[in-house]
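Input: a single structure, listed below in structure tokens.
Every chain is numbered from 1 and lettered A, B, ... according to where its sequence line falls, protein lines coming before strand lines.
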Amino acid sequence: MPEGHTIHRLAGELSLVFGGRTVDVSSPQGRFAAGAAVVSGSVLSGAQAYGKHLFIGFAGRRWVHVHLGLYGKFDVLDRPAPEGPVRGEVRMRLRVPGAHADLRGPTRCEVVGDAEVAAVAARLGPDPLRGDDPGPALQRIGRSRAPIGVLLMDQAVVAGVGNVYRAEALFRAGIDPARPGASVPEPVLRSIWADLVGLMEQGVRSGRIDTVRPEHEPEAMGRPPRVDDHGGEVYVYRRSGQPCLVCGTPVAAGRTAARNLFWCPNCQH
DNA sequence: GCCATATGGAAAG
DNA sequence: TTTCCCTATGGCA
């Protein structure tokens, strides 16, 4: 479930569990064997998140740069690594007495230096989860003819927003994803930013994406709760054809830039 | 078993 | 705009 909130949450968990400790790093699958050897046995200083990029810091100014991509997973477990054969394709395993973490299916997992961390941070737009100034994002969107739905997913514009937060923030703002960025009034852009900050901070705390306002929650509407793969309750994401939680109109679906897009044609303009 | 699918992004055409 | 990569899972023979 890798949108920015997942990565920031992981950074916190990794820092808490492994920070200040000497960590054994391995690659049961083998594809990260060389990198693991570089950092294994050194002290893990802490982890940092920039958008969807995770940097795990080790003594000697070395970082393991991890990007989960579409289906990567990084499980941090408060118990010793199990004995015996490793289940599945574990690219990287972190291990200390009493805890371990397994990384599977990442798009990227490599040892880098400070320069690479800085380069990644520099090419990303402001991150709602880092307390960044939204100015550059607002300006870029305000000048662009590209659809607001595309701009919000562009990591160079806003870092950390993925397909779920994109769809949900636009629904909550009542904005049609196809609208050109420049056509969205600046105050609306500001409120979308503030909304993303609140939603994503909540996501970091809960480890899931919940976007439905109290007045539209299942208990309030007399319908059964619904939990999707992302773990939470949402208005439109992956609800195509089902009635909009606010107006009952069937939720629309489309594909833009090879990604699924969902919106309510009645509530969003 | 096979196929489709997924919250991403980079490279190729 | 399409293709490719990385992995697990659920539906369907």
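A straight line from CG of A:Leu152 to C1' of B:dT7 spans 15 Å, rounded to a whole angstrom. Rounded to whole Å, the distance from CZ on A:Arg166 to C1' on B:dA6 is 14 Å. The nearest whole Å value for the distance from the CG atom in A:Leu68 to the P atom in C:dT7 is 13 Å. Following rounding to the nearest Å, A:Phe262 (CZ) and B:dT5 (P) show an atom-to-atom distance of 11 Å. For the pair A:Leu70 CG and C:dT9 C1', the computed distance is 13 Å after rounding to whole Å. Atom P of nucleotide B:dT7 and atom CD of A:Glu168 are separated by 13 Å, given to the nearest angstrom. Between the P atom of B:dA10 and the NE2 atom of A:His53 lies a distance of 6 Å, rounded to the nearest Å. What separates CD of A:Gln29 from C1' of C:dA8 is a distance of 13 Å, to the nearest Å.
For A:Arg238, no side-chain nitrogen or oxygen approaches OP1 or OP2 of B:dT7 to under 4.0 Å. One finds a side-chain N or O of A:Tyr237 lying less than 4.0 angstrom from the OP1 or OP2 phosphate oxygen of B:dT7. Between B:dG9 and A:Lys52, a contact under 4.0 Å exists linking OP1 or OP2 to a side-chain N or O.
Looking at the side chain of A:Asn260, the nearest of the listed nucleotides C:dT2, B:dT7, C:dA8 is B:dT7. Closest to the side chain of A:Glu3, from the set B:dT7, C:dT7, B:dG9, is B:dT7. Taking only side-chain atoms of A:Arg91, from C-beta outward, the nucleotide of C:dT7, B:dG9, B:dT7 with the closest atom is C:dT7. Here the side chain of A:Ile209 is nearest to one of C:dT7, B:dG9, B:dT7, namely B:dT7.
Nucleotides C:dT1 and B:dT7, compared at atom C1', are 22 Å apart to the nearest Å. For the P atoms, the distance linking C:dA13 with B:dT5 amounts to 15 Å, nearest Å. Look at the C1' atom in both B:dG9 and C:dT9: the space between them is 22 Å, to the nearest Å.
To the nearest 0.5 Å, the span separating CD1 on A:Ile7 from NE2 on A:His53 amounts to 9.5 Å. Note that OG of A:Ser15 and CG of A:Leu44 are 7.0 Å apart. Values are rounded to the nearest 0.5 Å.
As judged by a 4.0 angstrom heavy-atom cut-off over every strand, A:Arg108 is placed among residues making no nucleic acid contact. Among the heavy atoms of the strands lying under 4.0 Å from A:Arg123 are primed sugar atoms or P, OP1, OP2 only; no base atom is included.
By the 4.5 Å heavy-atom criterion applied to side chains, A:Leu103 and A:Leu68 are counted as neighbours.
A side-chain hydrogen bond (donor to acceptor under 3.5 Å, both in side chains) with A:Asp102 holds for exactly one of A:Arg91, A:Arg93, A:Arg95; it is A:Arg93.
At least one test fails for A:Arg239 against the ring of A:Phe262: distance under 6.0 Å to the centre or angle within 45° of the axis.
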